[in-house]
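A quick note: this is a predicted structure, and the numbers were derived from the prediction, not measured.
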Amino acid sequence: MEPNIEPNIEPQNNRIQDSRKKELSAADWMNRIRRSLKYRDQVRDKQGWQRFLDYYEGDYRVNGKNIQSPPINIVFGYVQTATARIYFRDPHITVNPTKVISPNGARILEEVINYWFRELNAKSENERVLLDTYLVAHGWIKYGYKADMGQNSDTSGEPSEFIKNEEIFMSYVPWDDIVFDITLCKDPPYDCRWIAHRIIKPLEEIKGNQEFHNTELLSSNVSMRDAKGEKLDETMKDSDLDLFEYWEIWDKDTNTIVCVADGSEQYLQQKQNTYEMEGLPFSMMKFNRINGKAYPLSDIGIIESQILERIKLRGGQINHIKRWARQLSIEKGSMSKQEIAKFSEGIDGAVTEREKGSAPPQPIAYADLQRESFMLDDLIQRDMDAAIGQTDVERGGVARTKTDTLGELKEQTAGTTSRSAKRQDILEDFLEEEARKLISLIQQFQTTPKYVRITGMKPDEIKSAFQGLQSDENGFYFTKDDIQGKYDVEVKAGSTLPMNRENRIKVMEALLNPAVAQAIGIIQGPVPPTAVGLEIGKELIRELDLKGVEKAYDQQISALNTPLMPQNLATAGISPSLSSMEGNTLPQPPPILNNQILT
């Protein structure tokens, strides 16, 4: 089967026609991009995105002429805590078929997509997206397929192409490298007619790439400062590296991909978009949507005023202590200037002289801090907590309750839990979209066998579960033909939340409770476990993320579901006293009246 590779389309008069039959030149596209950049930069300046990025790095610019104190980096603490609350682990993605074409496709695809998330280091990419989302209100992910083609000759001497290397990718894109259609777009990227991605590469690489056209007269159009976003010292610049900036535009109206650059009147690249995925190959993460506006609201913008007031207030408190801590007063004429200078140096063992009968230097009485400053600090923090839904306890602080009871602590965190759950749900929807777009690319382009590593299964279990596929003791190989069909994709609720050592121990202690253990089939009881109980047990044990425990539980459940013969009663863990049961089935539960078991 010939690989499905995006064909290049030779430029024709450097123009494309959209659905309205209007010809668009490279200059037209650059004008569209400039308008979108202007609009985005207006939103950036109005909301203060660059300030928020500076805050995250600890640059608050609030030190007055008479107030010099280190700022409290509240923004860093908030962002790190908020990210850890909702995205601590790779998600567990489940796949269910809606239209089956490939036998066992859903089982294969579920292993494939979960493995792919780990292989692509999706957690790291999504954490960068979340950082942008909390600071500048939105973050971007881009999807794609790349293939390196080779040529060889068949027996007739005719050249033929083959795939040397191929890559399906999902990568983070900085927020300032993406612009989109702002004419009608209110919910990007779903209603975007086009999206443009700014790319910066060495000029030599552009000119040496045969996929680019009209490159003869190109020259460097971006400095190191533009590429890095900051000014570099002259000695740090790579003088041999000329950089070139261009825009890759994905146009939904014409279903084409074009590349344009400032200063070039011709298309650098023009080809058909062959991706079969729904929508454009971009995803945008956002939490605080604003109806009727393309760009959402940043979390930091909501509490910026309170953050600055807290820092100013704390700076005043520190300045007050410093001002009065080491000021001394002496009687006029009691010490010469030379002796005063010697005394000011504070050298251990130094001897100073003063006039006979004069009093030694005395510290000035310390002025107490106003109690109101502490009360105001606390009120401002409470306002911030109410606005962003995050408490001191969640940031690693000490809970402030009247009697420190467990009920008060639960009541204190109840309000913030609902907000965290809402954002958790938004994140899971975003991850499901990532999975669907990746699956679309895999189903379209994975022509060469791809190896998927599986943990927690024995070689014979792998061979049995994935019959018909080439496999070994650690995994199996698949191609796109093995996963064709339509599937529902769902991220298991809560699968990205943290499961630390303490939480694992609590879950294991709960599972070992006799009543719970009998209900889910861990130990044999007078009443056999129900199907619901077994499913609950399976979910609880899966949460532990301990493959050995999960495998042992599955084996035990399989034994319980197997008709029992006298020779395998001991293997199943059933008491010999139960061997007299008729039909080799588990004993029926005794009757229950008023919640009491009748014996």
Novice: I need the Leu280 CG to Lys252 NZ distance, nearest 0.5 Å.
Specialist: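 It comes to 5.0 Å.
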Novice: State whether the side chain of Lys480 and the backbone N or O of Gln444 hold a donor-acceptor pair below 3.5 Å, judged by distance alone.
Specialist: yes
Novice: Could you label the plane-to-plane angle of the Phe478 and Phe476 rings as parallel, tilted or perpendicular, counting under 30° as parallel and over 60° as perpendicular?
Specialist: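 Aromatic pair Phe478/Phe476 classed perpendicular.
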Novice: Do Val260 and Ile249 touch side chain to side chain, with heavy atoms closer than 4.5 Å?
Specialist: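 The answer is yes, as the side chains (C-beta and beyond) meet within the 4.5 Å cut-off.
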Novice: Report yes or no: does Lys437 contribute a side-chain atom to a donor-acceptor pair with the main-chain N or O of Gly144 at less than 3.5 Å?
Specialist: no
Novice: Taking Glu125 for the side chain and Ser171 for the main chain, is one N or O donor matched with an acceptor at less than 3.5 Å?
Specialist: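 Pair absent, no side-chain N/O of Glu125 close to backbone of Ser171.
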Novice: Which heavy atom of Ile462 sits nearest to which heavy atom of Ser471, and what is that distance?
Specialist: CG2-CB, 4.1 Å
Novice: With a 4.5 Å cut-off on side-chain heavy atoms, are Tyr477 and Phe466 touching?
Specialist: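 The answer is no, as the side chains (C-beta and beyond) never meet within the 4.5 Å cut-off.
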Novice: Please evaluate residues His138 and Asn288 with respect to the criterion side-chain contact (heavy atoms from CB on, under 4.5 Å), reporting the C-alpha separation (whole Å), side-chain torsions for both, the decisive distance (0.1 Å), and the verdict.
Specialist: CA-CA 9 Å; His138 66 289; Asn288 307 311; over 6 Å; no
Novice: With rounding to the nearest 0.5 angstrom, report the CZ to OG1 distance, Arg128 to Thr83.
Specialist: 13.5 Å
Novice: Describe, in one word, how the ring planes of Phe180 and Tyr295 are oriented to each other, choosing from parallel (under 30°), tilted (30 to 60°) and perpendicular (over 60°).
Specialist: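 If you compare the ring of Phe180 with that of Tyr295, the planes turn out tilted.
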Novice: Please step through side-chain contact (heavy atoms from CB on, under 4.5 Å) for the pair Gln269 and Tyr246, ending with a clear verdict.
Specialist: CA-CA 10 Å; Gln269 194 178 87; Tyr246 68 95; over 6 Å; no
Novice: Do Cys185 and Asp191 have side chains that approach each other closer than 4.5 Å (heavy atoms only, starting at C-beta)?
Specialist: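 The answer is yes; the side chains approach within 4.5 Å.
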Novice: Without swapping roles, check the side chain of Ser298 against the backbone of Leu135 for a donor-acceptor pair under 3.5 Å.
Specialist: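 Present.
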Novice: Any chance you could measure Glu490, atom CD, to Asp488, atom CG, to the nearest 0.5 Å?
Specialist: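 Taking CD in Glu490 and CG in Asp488, the distance rounds to 8.5 Å.
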Novice: Count the heavy atoms belonging to other residues, nucleotides or ligands that lie under 6.0 Å from NZ of Lys486, then report whether that count exceeds 12.
Specialist: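 Incorrect, the count does not exceed 12.
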Novice: Do Asp177 and Lys142 pass the salt bridge (Lys or Arg N to Asp or Glu O under 4.0 Å) test, and can you show the C-alpha distance, the side-chain angles, and the key distance before you say yes or no?
Specialist: CA-CA 11 Å; Asp177 285 341; Lys142 182 181 179 182; over 6 Å; no
Novice: Are any side-chain N or O atoms of Glu473 and backbone N or O atoms of Pro459, one a donor and one an acceptor, separated by less than 3.5 Å?
Specialist: no
Novice: Quick one: CG on Asn104 to CG on Asp482, what's the gap to the nearest 0.5 Å?
Specialist: 9.5 Å
Novice: Quick one: does any side-chain atom of Lys286 pair with a main-chain N or O of Pro188 as donor and acceptor, under 3.5 Å?
Specialist: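 Such a contact is found between Lys286 side chain and Pro188 backbone.
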Novice: If you look at every heavy atom in Gly105 and Tyr487, which pair is closest and at what distance?
Specialist: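 So the two residues come closest at CA-OH, 3.6 Å.
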Novice: With under 30° as parallel and over 60° as perpendicular, where do the rings of Tyr134 and Phe287 fit, or are they tilted in between?
Specialist: tilted
Novice: Rounded to the nearest 0.5 Å, what separation is found between the CG atom of Leu53 and the CH2 atom of Trp175?
Specialist: 6.5 Å
Novice: Of all heavy-atom pairs between Gln424 and Ile86, which one has the smallest distance, and what is that distance?
Specialist: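 Nearest heavy atoms, Gln424 then Ile86: OE1-O, 2.9 Å.
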Novice: May I ask you to check whether Gln80 and Tyr56 show a side-chain donor-acceptor distance below 3.5 Å?
Specialist: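 Indeed, the side chains of Gln80 and Tyr56 share at least one donor-acceptor pair under 3.5 Å.
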Novice: To the nearest 0.5 Å, tell me how far His197 NE2 sits from Ile257 CD1.
Specialist: 13.0 Å
Novice: List the residues meeting ring pair (Phe, Tyr, Trp, His ring centres under 6.0 Å) with Tyr172, not counting sequence neighbours, and say none if there are none.
Specialist: none
Novice: Do Asp90 and Arg118 pass the salt bridge (Lys or Arg N to Asp or Glu O under 4.0 Å) test, and can you show the C-alpha distance, the side-chain angles, and the key distance before you say yes or no?
Specialist: CA-CA 7 Å; Asp90 281 319; Arg118 297 190 299 271; over 6 Å; no
Novice: Taking the side chain as every heavy atom from C-beta outward, state whether Ile168 and Ile442 have any pair of such atoms under 4.5 Å apart.
Specialist: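 SC-SC contact between Ile168 and Ile442 confirmed.
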Novice: Can you tell if the side chain of Val452 reaches within under 4.5 Å of the side chain of Glu119, non-hydrogen atoms only?
Specialist: no
Novice: Report yes if the side chains of Met284 and Pro296 come closer than 4.5 Å at any heavy-atom pair, otherwise no.
Specialist: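 The answer is yes; the side chains approach within 4.5 Å.
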Novice: Let me see the working for Ile93 and Val491 under side-chain contact (heavy atoms from CB on, under 4.5 Å), right down to the final yes or no.
Specialist: CA-CA 4 Å; Ile93 302 169; Val491 171; 4.2 Å; yes
Novice: Could you tell me which non-hydrogen atom of Ile113 sits nearest to which non-hydrogen atom of Leu438, and how far apart they are?
Specialist: CD1-CB, 3.9 Å
Novice: Will you find, in the side chains of Glu433 and Tyr190, an N or O donor that is under 3.5 Å from an N or O acceptor?
Specialist: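 A donor-acceptor contact under 3.5 Å links the two side chains.
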Novice: Of Ile426, Val489, Asn126, which is the lone residue that meets side chain to side chain contact (heavy atoms under 4.5 Å, CB included) with Leu431?
Specialist: Asn126
Novice: Can a donor-acceptor pair be found, under 3.5 Å and without considering hydrogens, that links the side chain of Glu127 to the backbone of Val129?
Specialist: no
Novice: I'd like to know whether Tyr275 forms a side-chain contact (heavy atoms from CB on, under 4.5 Å) with Ser440, so could you lay out the CA-CA distance, the side-chain angles of the two residues, the decisive distance to 0.1 Å, and finally the verdict.
Specialist: CA-CA 8 Å; Tyr275 291 171; Ser440 176; over 6 Å; no
Novice: Okay, side chain of Asn114, backbone of Glu110: is any donor-acceptor separation there less than 3.5 Å?
Specialist: yes
Novice: Would you mind reporting whether Gln270 and Thr256 have side-chain heavy atoms less than 4.5 Å apart?
Specialist: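 With C-beta onward as the side chain, the pair stays apart.
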Novice: So, does Gln443 use its side chain to make a donor-acceptor pair with the main chain of Gly485 at under 3.5 Å?
Specialist: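 Yes.
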Novice: Between Tyr145 and Glu166, do the side chains contain a donor N or O and an acceptor N or O under 3.5 Å apart?
Specialist: yes
Novice: Would you check if Glu434 and Leu120 make a side-chain contact, meaning some heavy-atom pair closer than 4.5 Å?
Specialist: no
Novice: Decide whether Tyr451 and Asp472 meet the rule of one side-chain donor and one side-chain acceptor closer than 3.5 Å.
Specialist: yes
Novice: Under the 6.0 Å and 45° cation-pi test, does Arg453 pair with Tyr115?
Specialist: no
